Amino acid sequence: MRTNSALLLICSLCLAASGLASVESAGGETAQLILNRFGRALQWAEPKVDEYLIPSELPHLCNGDDCCQEDDYASPYRVVMMAPRKTDTLGNRTYTTFYMNLTKEATCYSKIDKAGCCNANVSTIWIDVDPRLKVKFATLNSQPAAIQAVQDSNGFRMGVSPDQYQAFSSSSGTGALLSVTVEGDVTQLCPSPDIGPIKGLCDVILEGGTASDAGACCPRGLSVNGSSISFTPPSGFQCMASSAPTVSPFNIQQLDVSAIINGVNSRFVNYTLKVTSNSQCSNTGPNSCCGMEMSYMTLKVMPDTDVTTVTVNDVQRTFSMAPFNQGNDGSMSLLLDNLGWDKDAAINGKTIVLTVRVPYEANSIPQLFSMPSQGANNGKYGAASYFLHSDDGFCCPSGSTLAVDGPVFAPAPPISPTTAVPPPPPTRPPPLL
């Protein structure tokens, strides 16, 4: 990340060139300042200014340690814009993913480093994403950016976890791959940067600090064109699979297992699940699934389990079975499709009842979801593993319910003898000709 950005000087003649302009009130006093950051005018009023917006070369704007050093020549990090981008179609939606490589290189000009930024870490990455685009997903080192992933008028920013930072902090390493996915089929992630009008590159800030000052550094510069570097985008698509309360808008519970129901020639048992809304999930920014609409749900079920019917709130629903795609234990996936549930629709709860056939010759109630640690045939029923999928393909929160207590197996009653069948009626003579 190297640019030839001039130092900002404290003089009114340089304000416009540096992106700062003063606005006078009717009385001639300065009422506010306009800071041109990421190519867009951000208006603020003293004294409250977000620390990452304060240029270090304007000390009269600083408030104690709130200034940060923005000279990217005094930073050891480099951001390379890789090519090509990748386009995915999920359902009826199209998404474009752009890739950048973050590395720590040896070159850092310590003579102009007044804040120790040559030895700084990185806690937040700011990217001047085109404000007309909607960031849907972002990862760093193949891990979703779950820390402070926000898109607003200041651009897009994502927090960097300590593990993700270690991936590109070594000067001898190959760096970490950053991906940013936006809605639509687009060719350019960022508008032409104001500090260097070059299409295809992005204006980037790597916010971080030192052990003594966590917010000391905010080097700003352009990503480097990496079109000459051999790069193949990762195959497949990684959806948000976390079931953490802050990520998933749904709670899934296993309520109970019914006593055996004796039919005419069959026996059955009902497993009941409850889907409810999760009030802890409130974030709606990038990488959040709190606003997801559940398109379909899959449940992992035991091999050779005969599920006969599935109802949702007492209404019978179609379902399908297929081999479970993880592991080779013979498990099956039960798919409930075309659900269309959002967080509000689940506030009053959705009760799912799965009816399982119990063979007459069985000596235990079939375990539908998993084998409990105590073993079968003792009134214990294993936890249910579930996988929820959003309509746009980005969210796939998963998890497991708790195991539950249920009925102890009871042998089948004796089958009643078949009643006598009356003889057929006599045949009628053929008609006379």
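The structure displayed is predicted, hence computed values, not measured ones.
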Item to check | Check: Ser223 and Leu201 side chains under 4.5 Å, non-hydrogen atoms | outcome: yes
Checklist entry - To the nearest 0.5 Å, how far apart are CG in Leu299 and OG in Ser333? => result 8.5 Å
Next on the checklist: To check you understand the geometry: which heavy-atom pair defines the closest contact between Met81 and Met100, and what is its length?
Outcome noted: CE-CE, 3.3 Å
Next on the checklist: If I take atom CZ from residue Phe268 and atom CD1 from residue Ile365, how far apart are they, to the nearest 0.5 angstrom?
Outcome noted: 14.0 Å
Checklist entry - Does CZ belonging to Phe319 count more than 12 external heavy atoms closer than 6.0 Å? => result yes
Item to check | Expected output: side-chain Arg317 to main-chain Asp337 donor-acceptor under 3.5 Å | outcome: yes
Checklist entry - Does any non-hydrogen side-chain atom of Gln367 lie less than 4.5 Å from one of Thr305? => result no
Checklist entry - Taking all atoms of both residues into account, what is the closest heavy-atom pair of Pro234 and Lys86, and its distance? => result O-NZ, 2.9 Å
Item to check | Ser179 and Thr97 side chains, donor-acceptor separation under 3.5 Å | outcome: no
Item to check | SG proximity flag Cys289/Cys281, limit 2.5 angstrom | outcome: no
Checklist entry - Could you go step by step and tell me if Lys300 and Phe369 meet the side chain to side chain contact (heavy atoms under 4.5 Å, CB included) rule? => result CA-CA 6 Å; Lys300 182 181 178 182; Phe369 299 119; over 6 Å; no
Checklist entry - Looking at side-chain heavy atoms only, is the closest gap between Tyr95 and Phe137 below 4.5 Å? => result no
Next on the checklist: Checking Val182 against Phe98 for the side chain to side chain contact (heavy atoms under 4.5 Å, CB included) test, could you report, in this order, the C-alpha distance in whole Å, the side-chain angles of both residues, the deciding distance, and whether it holds?
Outcome noted: CA-CA 8 Å; Val182 298; Phe98 296 85; 4.1 Å; yes
Checklist entry - Where does the angle between the aromatic ring planes of His389 and Tyr296 fall among parallel (under 30°), tilted (30 to 60°) and perpendicular (over 60°)? => result parallel
Next on the checklist: Strictly distance-based, threshold 3.5 Å: is any side-chain N or O of Arg85 a donor or acceptor partner for the main-chain N or O of Val186?
Outcome noted: yes
Checklist entry - Is any side-chain heavy atom of Ser385 less than 4.5 Å from a side-chain heavy atom of Ser398? => result no
Next on the checklist: Using a 3.5 Å distance criterion without hydrogens, assess whether the side chain of Gln254 forms a donor-acceptor pair with backbone atoms of Leu402.
Outcome noted: yes
Item to check | pair Val307-Met332: side-chain heavy atoms closer than 4.5 Å | outcome: no
Next on the checklist: For Lys380, is there any backbone N or O sitting under 3.5 Å from a side-chain donor or acceptor partner on Asp405?
Outcome noted: no
Item to check | Test side chain to side chain contact (heavy atoms under 4.5 Å, CB included) applied to Cys190 and Ile127, step by step | outcome: CA-CA 8 Å; Cys190 304; Ile127 303 173; 3.9 Å; yes
Checklist entry - SG to SG, are Cys117 and Cys108 under 2.5 angstrom apart? => result no
Item to check | Side-chain (Asn121) to main-chain (Gly209) donor-acceptor, under 3.5 angstrom | outcome: yes
Next on the checklist: Can you see whether Arg357 engages Ser266 through a side-chain donor-acceptor pair at a distance of less than 3.5 angstrom?
Outcome noted: yes
Next on the checklist: Do Asp72 and Arg220 make a side-chain contact, defined as non-hydrogen atoms from C-beta onward lying under 4.5 Å apart?
Outcome noted: no
Next on the checklist: Looking only at the side chains, is there a donor atom on one of Gln188 and Asp130 sitting less than 3.5 Å from an acceptor on the other?
Outcome noted: no
Item to check | Considering all heavy atoms, the nearest Gly208-Ser123 contact | outcome: CA-OG, 3.8 Å
Next on the checklist: Taking the side chain as everything from C-beta on, heavy atoms only, tell me whether Pro407 gets closer than 4.5 Å to Val257.
Outcome noted: yes
Checklist entry - Could you state the interatomic distance from CG (Leu273) to NZ (Lys350), rounded to the nearest 0.5 Å? => result 14.5 Å
Next on the checklist: Can you confirm whether Val356 sits close enough to Val301 that some side-chain heavy atom of one is under 4.5 Å from a side-chain heavy atom of the other?
Outcome noted: no
Item to check | Qualifying residue, where the test is side chain to side chain contact (heavy atoms under 4.5 Å, CB included) with Val135 and the options are Val150, Val180, Thr181 | outcome: Val180
Checklist entry - Measuring from Met292:CE to Trp341:CH2, what's the distance to the nearest 0.5 Å? => result 11.0 Å
Checklist outcome for this item: Minimal heavy-atom distance between Pro84 and Tyr99, with the atoms involved, is O-CD1, 4.0 Å
Checklist entry - Rounded to the nearest 0.5 Å, what separation is found between the NZ atom of Lys274 and the CD1 atom of Ile252? => result 11.5 Å
Next on the checklist: Rounded to the nearest 0.5 Å, what separates atom CD1 in Ile260 from atom CG in Asn270?
Outcome noted: 11.5 Å
Item to check | Over all atoms of both residues, closest heavy-atom pair of Asn101 and Ala176 | outcome: OD1-O, 3.3 Å
Checklist entry - So Thr401 and Gln253, side chain to side chain contact (heavy atoms under 4.5 Å, CB included) or not? Walk me through it. => result CA-CA 5 Å; Thr401 69; Gln253 299 173 280; 5.6 Å; no
Checklist entry - Pick one: which of Thr318, Thr298, Ile352, Leu354 meets side chain to side chain contact (heavy atoms under 4.5 Å, CB included) with Leu336? => result Ile352
Checklist entry - Is there a donor-acceptor contact under 3.5 Å from the side chain of Tyr77 to the main chain of Ala120? => result yes
